[in-house]
Amino acid sequence: GEVTTLVSGLKTSNYGGMVSDGDRLFWIESNTGNVMRGSADAKGFTILCMACGGNDLLQDKDHLYSRHDNSIVEVSKETSKAQASSLAKGTTRELYKGPISGAMAVDGAYIYFAAADQGQQTGRIVRVSKTTKKTETVVTRLNKPVQVLLDEANVYFVDDEGSSAIIGT
């Protein structure tokens, strides 16, 4: 296929923080924490919010979700207040603040993530509601959860025990 350059010259090295909805590409510029949007139709890029992104980038139909320090933040995919989004341009909404130790996953109602308290075997898989911001622990007594994946019926996770890993549902 043909290579199309959407954006060049940015200091973006957080390639784990990229998602696409089929028409547009979203990414985190790792040096600034800016959440960006670009597309093949509109050359260049748009800054969706400044210094609001961190590690990981997830999406649903209307929003992006990023881990920023010890928070999970929601960012609108649009640059103006859209009917589908309750967020105005350049704003974020903090869904969760607390320990986050691993990857995140998203479904229609929740953001799932791995959490562990430093130096203790209190790892767990937690989910936070995208609408109410209420949290619920779904798996407890893990060592060091590092990965979370979803399908329509299950939550999968990897618990790193140093020399081995446990995959559970």
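Please read all numbers here as calculations on a predicted model, not as lab measurements. The figures that follow rest on heavy atoms only: side chains count, while hydrogens, waters and symmetry mates do not.
- Shown here for S66 and G54, the closest heavy-atom pair between the two residues is OG-N, 3.0 Å.
- S20 contributes atom OG, which lies 7.0 Å from atom CD of Q59 (distance to the nearest 0.5 angstrom).
- Taken to the nearest 0.5 Å, the SG atom of C52 stands 8.0 Å off from the CD1 atom of I28.
- When all heavy atoms of N34 and A51 are compared, the pair lying nearest together is OD1-N, 3.0 Å.
- Annotation for G123 and P145: closest pair CA-CD, 3.7 Å, computed over non-hydrogen atoms.
- Looking only at side-chain heavy atoms (C-beta outward), V19 and L58 stay at 4.5 Å or farther from each other.
- Listed by chain and number, the residues in a ring pair (Phe, Tyr, Trp, His ring centres under 6.0 Å) with F26 amount to none (sequence neighbours excluded).
- The pair D60-K130 meets the salt-bridge criterion, with a side-chain N (NZ, NE, NH1 or NH2) lying under 4.0 Å from an Asp/Glu carboxylate O.
- Separation of atoms CG (D151) and OH (Y156) is listed at 3.5 Å; rounding is to 0.5 Å.
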Apply side chain to side chain contact (heavy atoms under 4.5 Å, CB included) to residues R93 and K133 and explain how you reach the verdict.
CA-CA 10 Å; R93 182 170 74 120; K133 301 198 283 185; 4.0 Å; yes
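- Taking D21 as the reference, R24, K77 meet the salt bridge (Lys or Arg N to Asp or Glu O under 4.0 Å) condition, with sequence neighbours excluded.
- Minimum heavy-atom separation, P99 to R124: CG-NH2, 3.7 Å.
- Screening residues 64-73 for salt bridge (charged side-chain N to carboxylate O under 4.0 Å, His left out) gives D56-R67 as the qualifying pairs, with residues at least two apart or on separate chains.
- Ring geometry for Y96 against F113 counts as tilted: the plane angle lies between 30° and 60°, on a 0 to 90° scale.
- The heavy-atom pair separating N70 from I100 by the smallest distance is C-CD1, 4.0 Å.
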